[in-house]
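Report on the following structure.
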2 protein chains.
Amino acid sequence: MEEHEGLFRSYLDSRSLKMTRPRKIILEAVFAIHEHFDVDILYDRIRKKHRDVSRATIYRTLPLLVESGLIKQSLRCQAKDHYEHIFGHKQHLHFICNRCGRIFEVDSSGIEQDLRKLASGTGFRIEEINIEANGLCSDCGK
Amino acid sequence: MEEHEGLFRSYLDSRSLKMTRPRKIILEAVFAIHEHFDVDILYDRIRKKHRDVSRATIYRTLPLLVESGLIKQSLRCQAKDHYEHIFGHKQHLHFICNRCGRIFEVDSSGIEQDLRKLASGTGFRIEEINIEANGLCSDCGK
DNA sequence: ATTAATATTGAGACTCATTATCAAAATACC
DNA sequence: GGTATTTTGATAATGAGTCTCAATATTAAT
Ligand SMILES: [Zn+2]
Ligand SMILES: [Zn+2]
Ligand SMILES: [Zn+2]
Ligand SMILES: [Zn+2]
């Protein structure tokens, strides 16, 4: 059993939820993707192998994966929410090129630490951080 | 004529667009609001004074204000896009409470400076920064 | 293994923010 | 004025995300 599966199982247990077949398929599909993804991308990949997982269940399962700390909602792009892994990935921020659309990931641990310090000063309890900058990548900015 | 009006006028001119009555009403309503706003908030405020500005025109005018650099699309909250002024406002980041929906603004100059330093190391030229953290505010986190 | 209690599912209806359409009205230029 | 071009308001359409519900799956107890 892969580690992310074990983690998801214990999250489900802790909430007396069940590791069902559709949830397992979704979990595996999510961790077979190594870029940012939206529901449609995920749905298409799952449907290539399994006819019996519905969009509704994907929409229901993603919040569980977020809640369990395995993934996060990271960007909004073309009017769709996009997700990415947390488990097995370092915290990072996104530089998004306005010209070519590429997304660059950069380590954000230092900045996030400062942000948490700022928050604790105000009494705000941070659950999730999103940092992004739009502009021109080094190729497009010449 | 207020400064933001002059700036919007020259933007419109530069694109051979016209400063019409509805656009002027919308511009003024936008700059009479000093918090984050969404289309509904704006529409309600405008409607108190003017019966003849439609939602459609608001949806059409906001991108013009963004393009002209007067406002920006700053966050997404309760499934709605929210906007805020750029013109005349200091850079800041957002703490968004997941429970009550309130948005807290915190000075972000220190963090943005670090971010720009990070970017210059990678050759990325930043045009816009968005930093936000979701979680529980001090009231809701008790 | 049966049963009963509970959780989950897929299908499709629904919501609601945003966009597109289009005929009528406003505007700019002659 | 008249004409070409924009812009507008009303309304229809779109589409991501949510909700409903009867049918199915899971679990734990017998
Ligand atoms: Zn680029
Ligand atoms: Zn990422
Ligand atoms: Zn709160
Ligand atoms: Zn703000």
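First the proteins, then the strands, lettered A, B, ... as listed; each starts at 1. This is a predicted model, so every value here is computed, not measured.
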**OP:** Measure the distance from CZ on B:Arg15 to P on D:dT7 and round it to the nearest whole Å.
**Re:** 10 Å

**OP:** Rounded to the nearest angstrom, tell me the gap between atom CG in A:Leu12 and atom C1' in C:dT6.
**Re:** 15 Å

**OP:** Specify the separation, in whole Å, of atom NZ of A:Lys24 and atom P of D:dT26.
**Re:** 11 Å

Subject >> Non-neighbouring partners of B:Ser109 that pass side-chain contact (heavy atoms from CB on, under 4.5 Å), sequence neighbours left out >> reply: B:Gln91, B:Asp107

Original post:
In residues 63-82 of chain A, which residues come under 4.0 Å of DNA chain D by heavy atom?
Top reply: A:Arg76, A:Ala79, A:Lys80, A:Asp81

**OP:** Report the distance from atom CG of B:Asp38 to atom C1' of C:dC16, rounded to the nearest whole Å.
**Re:** 13 Å

**OP:** Scan side-chain atoms only and decide if B:Gln73 and B:Asp81 contain a donor-acceptor pair under the 3.5 Å cut-off.
**Re:** yes

Subject >> Pairs where residues 18-33 of chain A contributes a residue and the test side chain to side chain donor-acceptor pair (under 3.5 Å) is met, not counting sequence neighbours >> reply: A:Arg21-A:Asp52

Original post:
Using a side-chain heavy atom cutoff under 4.5 Å and only I, L, V, M, F, W and Y, what cluster partners does B:Phe104 have?
Top reply: A:Leu93, A:Phe95, A:Phe104, A:Val106, A:Ile111, A:Leu115, A:Leu118, A:Phe124, A:Ile126, A:Ile129, A:Ile131, B:Leu93, B:Phe95, B:Val106, B:Ile111, B:Leu115, B:Leu118, B:Phe124, B:Ile126, B:Ile129, B:Ile131

Original post:
Would one find a side-chain N or O of B:Tyr59 under 4.0 angstrom from OP1 or OP2 of C:dT19?
Top reply: no

Subject >> Aromatic ring proximity, centroids under 6.0 angstrom, B:His4 and B:His85 >> reply: no

**OP:** Side-chain contact test, heavy atoms from C-beta onward, threshold under 4.5 Å: evaluate it for B:Arg55 versus B:Asp40 and give yes or no.
**Re:** yes

Subject >> Members of residues 50-57 of chain B that approach DNA chain D, where some heavy atom sits under 4.0 Å away >> reply: B:Asp52, B:Val53, B:Ser54, B:Ala56, B:Thr57

**OP:** Return yes if a side-chain donor-acceptor contact under 3.5 Å exists between A:Glu105 and A:His89, otherwise no.
**Re:** no

**OP:** Return the set of residues passing side chain to side chain donor-acceptor pair (under 3.5 Å) with B:Glu3 (not counting sequence neighbours), or none when no residue passes.
**Re:** none

Original post:
By the rule that ILVMFWY residues connect when side-chain heavy atoms come within less than 4.5 angstrom, directly or transitively, which residues belong alongside B:Leu136?
Top reply: none

**OP:** Could you tell me how the ring of B:Phe87 sits relative to the ring of B:Phe31: parallel (under 30°), tilted (30 to 60°) or perpendicular (over 60°)?
**Re:** perpendicular

**OP:** Anything under 30° is parallel, anything over 60° is perpendicular, the rest tilted; go ahead and classify B:His94 against B:His92.
**Re:** perpendicular

**OP:** Flag the pair B:Ile41 / B:Asp38 as yes when at least one side-chain heavy-atom distance between them is below 4.5 Å, and no otherwise.
**Re:** yes

Original post:
For residues 51-75 of chain B, which residue pairs qualify under ring-ring contact (aromatic ring centres under 6.0 Å, His included), counting only residues two or more places apart or in two chains?
Top reply: none

Original post:
Starting at CD1 of B:Ile58 and ending at P of D:dT7, how long is that distance when rounded to a whole Å?
Top reply: 17 Å

Report each atom pair, protein N/O against N/O of nucleotides 22-28 of chain C, whose distance is under 3.5 angstrom.
none

**OP:** Estimate the overall bend of the helix from C:dA1-D:dT30 to C:dC30-D:dG1 from the end axes over five pairs each, rounded to 10 degrees.
**Re:** 30°

Original post:
Considering only heavy atoms, which members of residues 26-35 of chain B lie under 4.0 Å from some atom of DNA chain D?
Top reply: none

**OP:** Could you please name the option among C:dT8, D:dA10, C:dT18 that lies closest to any side-chain atom of B:Val39?
**Re:** C:dT18

Original post:
Do the side chains of A:Leu75 and A:Val39 join up, straight or via other hydrophobic residues, at under 4.5 Å, putting them in one cluster?
Top reply: no

Subject >> Gap between atoms OH and C1', on B:Tyr43 and D:dT8 respectively (whole Å) >> reply: 14 Å

**OP:** Determine, for B:Lys90 against B:Glu112, whether the closest basic-nitrogen to carboxylate-oxygen distance falls under 4.0 angstrom.
**Re:** no

Original post:
Looking at residues at least two apart in the chain, or sitting in another chain, which of them share a side chain to side chain donor-acceptor pair (under 3.5 Å) with B:Glu5?
Top reply: B:Arg9

